[in-house]
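Read the structure below first, then the notes.
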Amino acid sequence: MNIRPKVQQERNVMRRAKNASMSVTLAFVAGFTAMSTASGNRAIDAPNTPNQGVELQTKTAQSADLRAIPSEKAEAHRELLDQAQSFGRIPVIVKLKTWAQPESMLDDAGIAQQREALSMVQQRVLDELSSTSGRDQAAMGIKRFALTPAFAMQASESDILELLAHPDVLDIVEDSIMLPFLMDSVPLIGGLDGSFRGYTGQGQVVAILDTGVDKNHPFLRGKVVSEACYSSNVPALGATSLCPGGVSESTASGSGVNCPVTLDGCDHGTHVAGIAAGRSDSVSGVARDAGLIAAQIFSRFNSVSFCGSTDPCIAAFTSDSLRALEQMYLLRTSHPIAAINMSLGGGAFTDPCNDDARRPIIDQLRTAGIATVAASGNEGYINAISAPACVSSAISVGSTSKADQISIFSNSAYFLDLLAPGESIYSAVPGTGYASKSGTSMATPHVAGAWAVIKSAQPAADPDAILNTLKSTGVALTDVNDITTSRIQVDRAVDEIAGPQATINTAVLPYARAVAIAETATAFASVINSGSLTAIGCSIALPSGIPATFSYQTTSAANALIGNSNTPVDITPGATQGFVFGISPSQAMAATEIPLVFDCANTAPAPSNPGLNTFILSAAATAPPDLLAIGATPSGDGVVRLPSHDGTGFFATAAVNIGSAGSITVSADDGGRGLPLSLRVCETTAVGEWIVCGNSLTRSIGADQTAYYSVFATGTGQPIDFDPANHRLFLRFAANGTTVGATNVAVTAP
């Protein structure tokens, strides 16, 4: 693709649009005070938790012969057989005699071979069990794991005895049940203005394995990038699935939403998610710019013997948490998961519980660079913590008060990894509200969020490096058992692990183009190195899945082409490098917002912010209108500053149609942010005189014709923080319902 012939032409058109926009803006500045009074008003008018001591009851009668079972496991097996005799069938996890290497140590062929070998062993055992029991796998409630050498099922007494005698079975353990452990804490761990030394978790994702997340809560809106649900129907225990439609698993949109709030504890996951990565105009969670994966792993229990006075209640089977962990591993290539948060658990372990069924997948995740962060538990043990926090490859977290005292309820042991604030933590609950909660559940997402912040500062850091840094830079606190553990201090950890580095930020102009199939749409980009090291080998690329060819080339300060096409370039500290890029669509495309990939060999990719460095492209069989639009503000810096939280501000634009003649509709919006303001669009003359105003405007436009518009923004009584990456106003041009041009500016109000 040769983009050189189009560059000079479109530089001239963009200069023309920019100059025209500035002329309109200056005209408005001269008369804006008068326009806002009597005559001007006409134009802008109408613009409690379950009983944790309750265990499955067992009978003392024992008819099974356990003489062949190794003595160290015999007692546990007797308990399983007693339970199966009492309940008919009980949930268990069957461990298999097949060894699995960390997949990071294998090539693609080795991974496929290892997974196939595991599947064959699972199938062999299940086929033999099915043939003797007369039940198919659905009737046995089978849960097959893709990576873990095990499967889960609802087993009868005879099933357990048969499996224990099978040559491919290593062990059978209870599919134990876990309970959920019940933002002014962010400054305590080093946050300033919602960031840690400027790092906010941008480009990272935290997975929340919990009771689901209300993704529509204002504190979490737009953050959930993937969802899943794993839940169980176990009639013998009165357990039913909380997945949509009562299925046992789902990865569909909506499957990770919080379980019904009529069930005690179903607000837990939303609260945890808010601590890890919530964001609003006034407060934020730890990693305010990180994304979230929501996995709902709890089941409903209708059992007074289990729930006590809270009947019905919720709890999670180990097997469902294991299935969710495997899903997070499979998502690692599509989402940059920094950490998995597990604010739940059960049991009391005085030493690492490395025979836990989840240990293999937690190992796999850690080897792949993903930390599994788990709550230590709330029983106040001084020498034991809960599972899965007790797994040696997990990151275990205890709780502190805001006075830096270890919480009296927080479990501790010699192998506890970290401490974080966990008392009276204010965060989101389903709906639109907020609440304060206490527990190691609240401490854990502080650490998971911190993991995302540190990964945004140093993407190459592995879990060992991050854990060691959090330990060495934290505040040392000693408990009543003389165990000293570090309370995280994230700003110090960022300083320690980041060191001198290159950091890039980017911008794209124009924001939108519309072309014919195979025609090249060009635009300009700027890459700024705000770090202290030279950014090496910086380039631009399309994300996968865009049906188009792509090319880029560096430009001078005057936007003249320099260098060679498709050749990465180094950018010195503090410097800005210009680029021109071209995209030639190979098929018709609806308007698509493309998050261009700006990356250097020694940096994290630039954060993607709609309007700042994304590019909207549409393509049709015949050339549509194609409007190059550049917004200009009175201040000249691309920011509309409302004079008060109920005042009015504006920006102007000149839109040059370099495409075909046609009909266009013009409208303004805030990008779906729900900012507290109203918007109105006015078409003007070249000198800023009003022609017509409305919520949206439609007109015909000829080829090479310029149209002039202004957008008025009026506050509705609330301040708007200065956040140029997120608080923006958009002016969009559409033809036949497809975006054919757009521009945008930032907005703020005191």
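All residue numbers refer to positions in the sequence shown, counting from 1.
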Check: [X] side chain, [Y] main-chain N or O, donor-acceptor pair, under 3.5 Å:
{"X": "Asn744", "Y": "Leu729", "answer": "no"}
{"X": "Thr633", "Y": "Gly638", "answer": "yes"}
{"X": "Asp570", "Y": "Ile536", "answer": "no"}
{"X": "Ser618", "Y": "Ala590", "answer": "no"}
{"X": "Ser280", "Y": "Val283", "answer": "yes"}
{"X": "His217", "Y": "Phe219", "answer": "yes"}
{"X": "Ser551", "Y": "Gly582", "answer": "no"}
{"X": "Lys455", "Y": "Gly201", "answer": "no"}

Problem set entry | Verdict with reasoning, Val656 to Ile658, per side chain to side chain contact (heavy atoms under 4.5 Å, CB included) | CA-CA 6 Å; Val656 183; Ile658 64 172; 4.2 Å; yes

Taking side chain as C-beta onward, heavy atoms only, is [X] less than 4.5 Å from [Y]?
{"X": "Arg680", "Y": "Asn695", "value": "yes"}
{"X": "Leu542", "Y": "Val597", "value": "no"}
{"X": "Thr685", "Y": "Tyr708", "value": "no"}
{"X": "Val747", "Y": "Leu677", "value": "yes"}
{"X": "Thr534", "Y": "Pro573", "value": "yes"}
{"X": "Asn657", "Y": "Thr706", "value": "no"}
{"X": "Ile466", "Y": "Asp462", "value": "no"}
{"X": "Ile340", "Y": "Val206", "value": "no"}

For this session: I would like to know whether Ser456 and Gln202 meet side-chain hydrogen bond (donor to acceptor under 3.5 Å, both in side chains); could you show each step before the answer?
Result: CA-CA 6 Å; Ser456 70; Gln202 178 73 49; over 6 Å; no

For this session: Report the C-alpha separation of Val740 and Arg513 in whole Å, then their side-chain angles, then the decisive distance to 0.1 Å, and conclude whether the side chain to side chain contact (heavy atoms under 4.5 Å, CB included) test is met.
Result: CA-CA 6 Å; Val740 294; Arg513 295 291 309 275; over 6 Å; no

Which atom pair, heavy atoms only, marks the closest approach of [X] to [Y]?
{"X": "Gly449", "Y": "Ala287", "value": "O-CB, 3.5 Å"}
{"X": "Ala629", "Y": "Pro510", "value": "O-CB, 4.4 Å"}
{"X": "Pro585", "Y": "Ala548", "value": "CA-CB, 3.6 Å"}
{"X": "Ile701", "Y": "Ala655", "value": "CD1-O, 4.5 Å"}
{"X": "Ile488", "Y": "His446", "value": "CD1-O, 3.8 Å"}
{"X": "Leu331", "Y": "Ser226", "value": "CD1-OG, 3.7 Å"}

Problem set entry | Steps toward side-chain hydrogen bond (donor to acceptor under 3.5 Å, both in side chains) verdict (Ser696, Thr665) | CA-CA 7 Å; Ser696 66; Thr665 298; over 6 Å; no

Problem set entry | Point-to-point distance, once rounded to the nearest 0.5 Å, from CD1 of Ile571 to CG of Asn529 | 6.5 Å

Seminar exercise, completed: Between the OG atom in Ser284 and the CD1 atom in Ile275, the distance rounded to the nearest 0.5 Å is 12.0 Å

For this session: Give a yes or no on whether Asn736 atom CG has more than 12 heavy-atom contacts from other residues, nucleotides or ligands under 6.0 Å away.
Result: no

For this session: Could you go through the ring pair (Phe, Tyr, Trp, His ring centres under 6.0 Å) check for Trp690 and Phe712 one step at a time?
Result: CA-CA 12 Å; Trp690 295 355; Phe712 290 88; 5.7 Å; yes

Exercise. In terms of side-chain geometry, is the basic nitrogen of Arg673 or Asp723 positioned less than 4.0 Å from the acidic oxygen of its partner?
Worked result: no

For this session: Can you run down the salt bridge (Lys or Arg N to Asp or Glu O under 4.0 Å) pairs that involve residues 728-750, sequence neighbours left out, and say none if there aren't any?
Result: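 Found Asp669-Arg732.
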
Between [X] and [Y], does any side-chain donor sit less than 3.5 Å from a side-chain acceptor?
{"X": "Tyr199", "Y": "Gln204", "result": "no"}
{"X": "Gln553", "Y": "Ser565", "result": "no"}
{"X": "Ser635", "Y": "Asp637", "result": "yes"}

Problem set entry | Trace of the side chain to side chain contact (heavy atoms under 4.5 Å, CB included) decision for Asn609 with Thr614 | CA-CA 7 Å; Asn609 297 107; Thr614 57; over 6 Å; no

Exercise. Can you check side chain to side chain contact (heavy atoms under 4.5 Å, CB included) on Ser608 and Asn613, steps first, answer last?
Worked result: CA-CA 6 Å; Ser608 182; Asn613 56 5; 4.1 Å; yes

For this session: Could you name each residue pair satisfying disulfide (SG to SG under 2.5 Å) that touches residues 720-750, not counting sequence neighbours?
Result: none

Exercise. For Tyr709 and Phe733, what are the C-alpha separation, side-chain angles and deciding distance, and is it a ring pair (Phe, Tyr, Trp, His ring centres under 6.0 Å)?
Worked result: CA-CA 11 Å; Tyr709 293 90; Phe733 302 84; 5.7 Å; yes

For this session: With sequence neighbours left out, write down each residue that passes side-chain contact (heavy atoms from CB on, under 4.5 Å) with Ser660, or none if nothing qualifies.
Result: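 Ser660: side-chain contact (heavy atoms from CB on, under 4.5 Å) contacts with Ala623.
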
Problem set entry | Candidate pair Thr653 and Thr743, rule side-chain hydrogen bond (donor to acceptor under 3.5 Å, both in side chains), full reasoning | CA-CA 8 Å; Thr653 188; Thr743 187; 5.0 Å; no

Exercise. Name the one of Phe550, Phe581, Tyr552, Phe598 that satisfies ring-ring contact (aromatic ring centres under 6.0 Å, His included) with Phe615?
Worked result: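 Between Phe615 and the candidates, ring-ring contact (aromatic ring centres under 6.0 Å, His included) is satisfied uniquely by Phe581.
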
